[in-house]
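Got a structure for you, questions after.
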Amino acid sequence: MKLYMIYPAKADGVSASFEAIYCSSDASASRRASAVLSEHDSATKVSVWQGDRLVSSGGEPPRAAGEAGRS
């Protein structure tokens, strides 16, 4: 299991809280982030981090390994 940090944020980008979770995959952490976003009425976006790596942001699905930098 890997440690992920979920940051729900307001429209101005300010995140007043975070949730630390252990998940088995990026996809699992991103699914939890969607639930966290729906639980925070003032939040309009969410980002998921694993250490210094951005896993997903907003409503984006996480990138699969090897897809970094592709458009």
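Just the heavy atoms: all of them, side chains too, but no hydrogens, waters or symmetry mates, feed the values below. Heads up: numbering here begins at 1 and tracks the sequence.
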W49 side chain reached by Y7 side chain, heavy atoms, under 4.5 Å:
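In contact.
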
Y4 with Y22, same ILVMFWY side-chain cluster at under 4.5 Å
no

Do K2 and V55 pass the side chain to side chain contact (heavy atoms under 4.5 Å, CB included) test, and can you show the C-alpha distance, the side-chain angles, and the key distance before you say yes or no?
CA-CA 12 Å; K2 302 174 201 168; V55 175; over 6 Å; no

All N/O donor-acceptor pairs, side-chain side in residues 12-19, below 3.5 Å, sequence neighbours left out:
| residue | atom | partner | partner atom | Å |
| --- | --- | --- | --- | --- |
| D12 | OD1 | V14 | N | 3.0 |
| S15 | OG | P8 | O | 2.8 |
| S15 | OG | S17 | O | 2.8 |
| E19 | OE1 | R32 | NH2 | 3.2 |
| E19 | OE2 | R32 | NE | 3.0 |
| E19 | OE2 | R32 | NH2 | 3.2 |

What is the minimum heavy-atom distance between A20 and M5, and which atoms define it?
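Minimum heavy-atom separation between A20 and M5: CB-SD, 3.6 Å.
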
Just how far is it from atom NZ of K45 to atom CG of L37, taken to the nearest 0.5 Å?
11.0 Å

With sequence neighbours left out, write down each residue that passes side chain to side chain contact (heavy atoms under 4.5 Å, CB included) with S25, or none if nothing qualifies.
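Counting only residues at least two positions away or on another chain, S25 forms a side chain to side chain contact (heavy atoms under 4.5 Å, CB included) with A27, S28.
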
Minimum heavy-atom distance between L54 and S47, given as atom pair plus value:
CD1-CB, 4.1 Å

Spacing of K10 atom NZ and S42 atom OG [to the nearest 0.5 Å]
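Answer rounded to 0.5 Å: 5.0 Å.
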
Once side chain to side chain contact (heavy atoms under 4.5 Å, CB included) is applied, do any residues pair with A33, and if so which ones, sequence neighbours excluded?
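Result, side chain to side chain contact (heavy atoms under 4.5 Å, CB included) vs A33: I6, V46, V48.
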
